[in-house]
Amino acid sequence: MMIRSFTNSKSEAFYVVGFSSLDERHRMFTALTESAVFLHNLREHMEFSELLTRLEKRDAGRIDIPGIVSAIPLRNSEMNLLVERFTTILLDACMQRSEAKEKDAAIESMFHDYSFGDNE
């Protein structure tokens, strides 16, 4: 995957996300769609889902960048929303993982010296 930024004739920023294969494009959208479960705020979840639906339908086709088979143009606002929601997803996933590790450590310490009734 490749991301390039450009400026149009109105000096507005836009981005092009390029993929080396259609499979890579599909995997990215699948991963983003499945990770939306970490957005607990309903408004954020709906905005993100709508953005992904819009972007998945959008395809600039083949562009003149070596190795890029498919490309999606994004407005600056779309890229900002995508990055913002993705950051929220990563932070929440990290917090959940950290909480799980803490719980596992507590359970491990509870049973650290447990004999399991074997009297060994």
Side-chain angles (χ1 to χ4, degrees):
M1 183 169 64
M2 174 269 331
I3 301 173
R4 302 260 318 257
S5 63
F6 299 95
T7 305
N8 66 13
S9 60
K10 298 176 187 176
S11 297
E12 298 169 331
F14 70 96
Y15 299 86
V16 173
V17 179
F19 303 95
S20 59
S21 70
L22 294 177
D23 187 50
E24 180 183 42
R25 182 183 196 279
H26 175 74
R27 284 193 318 266
M28 186 204 71
F29 277 108
T30 299
L32 288 174
T33 301
E34 290 176 0
S35 65
V37 298
F38 289 104
L39 292 171
H40 302 292
N41 179 304
L42 183 60
R43 183 183 58 80
E44 290 179 352
H45 183 85
M46 294 303 294
E47 281 179 347
F48 189 65
S49 294
E50 289 171 11
L51 175 63
L52 292 178
T53 300
R54 248 189 353 261
L55 295 179
E56 199 165 11
K57 292 177 184 175
R58 193 181 298 169
D59 190 357
R62 186 159 175 82
I63 59 175
D64 195 20
I65 298 176
I68 300 302
V69 172
S70 176
I72 302 169
L74 285 92
R75 294 175 188 90
N76 190 42
S77 60
E78 293 170 329
M79 179 58 93
N80 288 340
L81 183 61
L82 188 65
V83 170
E84 182 182 319
R85 296 298 182 259
F86 189 64
T87 301
T88 301
I89 289 167
L90 287 175
L91 288 173
D92 195 16
C94 288
M95 287 175 35
Q96 285 186 21
R97 182 171 173 87
S98 177
E99 290 170 3
K101 285 179 89 173
E102 286 178 17
K103 287 177 184 176
D104 287 350
I107 292 169
E108 185 177 354
S109 69
M110 283 175 44
F111 292 99
H112 183 71
D113 293 325
Y114 189 74
S115 69
F116 295 95
D118 296 339
N119 296 327
E120 290 180 17

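What's counted below: heavy atoms across the whole structure, side chains too, no hydrogens, waters or symmetry copies. Note that the numbering runs from 1 along the sequence shown for the chain.
Residues satisfying the salt bridge (charged side-chain N to carboxylate O under 4.0 Å, His left out) test with R75, not counting sequence neighbours, are E78.
Residue pairs meeting the salt bridge (Lys or Arg N to Asp or Glu O under 4.0 Å) criterion with at least one member in residues 92-108: none, sequence neighbours excluded. Counting only residues at least two apart or in different chains, salt bridge (Lys or Arg N to Asp or Glu O under 4.0 Å) contacts with residues 34-46 comprise R43-E47. Within the structure, the ring pair (Phe, Tyr, Trp, His ring centres under 6.0 Å) test picks out the following pairs touching residues 10-29 (sequence neighbours left out): F6-F14. Evaluation of the salt bridge (Lys or Arg N to Asp or Glu O under 4.0 Å) test over residues 2-24, restricted to residues two or more places apart or in two chains, returns D23-R27.
Interatomic distance, L51 CG to R85 CZ, rounded to the nearest 0.5 Å: 9.0 Å. F86 contributes atom CZ, which lies 11.0 Å from atom CG of L39 (distance to the nearest 0.5 angstrom). For the atom pair CG (L90) and OG (S35), the distance works out to 8.0 Å, reported to the nearest 0.5 Å. Atom CG of N76 is separated from atom CG of N8 by 10.5 Å, given to the nearest 0.5 angstrom. A distance of 13.5 Å separates CD1 of I72 from NZ of K57, quoted to the nearest 0.5 Å.
One N or O on the side chain of R25 and one on the backbone of E56 form a donor-acceptor pair closer than 3.5 Å. Side chain of T88 to backbone of E84: a donor-acceptor contact under 3.5 angstrom is found. Judged by distance alone, with hydrogens and angles left aside, the side-chain atoms of S98 form no donor-acceptor pair with the main-chain N or O of C94 at under 3.5 Å. With hydrogens and angles ignored, the 3.5 Å screen pairs a side-chain donor or acceptor of S109 with a backbone N or O of A106.
Hydrophobic cluster membership differs between V83 and L91, with clusters built from Ile, Leu, Val, Met, Phe, Trp and Tyr side chains linked at under 4.5 angstrom.
Taking each heavy atom of L74 and R58 in turn, the nearest pair found is CA-NH1, 3.9 Å. Closest approach of A71 and P73 over heavy atoms only: O-CD, 4.0 Å. Heavy atoms only, all atoms of each residue included: S70 and D59 are closest at OG-OD1, 3.2 Å.
Around CE of M46, the count of heavy atoms belonging to other residues, nucleotides or ligands within 6.0 Å does not exceed 12.
The hydrophobic cluster analysis finds M95 isolated: no Ile, Leu, Val, Met, Phe, Trp or Tyr side chain comes under 4.5 Å of it, directly or through other members.
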| query | Do L82 and L32 pass the side chain to side chain contact (heavy atoms under 4.5 Å, CB included) test, and can you show the C-alpha distance, the side-chain angles, and the key distance before you say yes or no? | reply | CA-CA 10 Å; L82 188 65; L32 288 174; 4.3 Å; yes

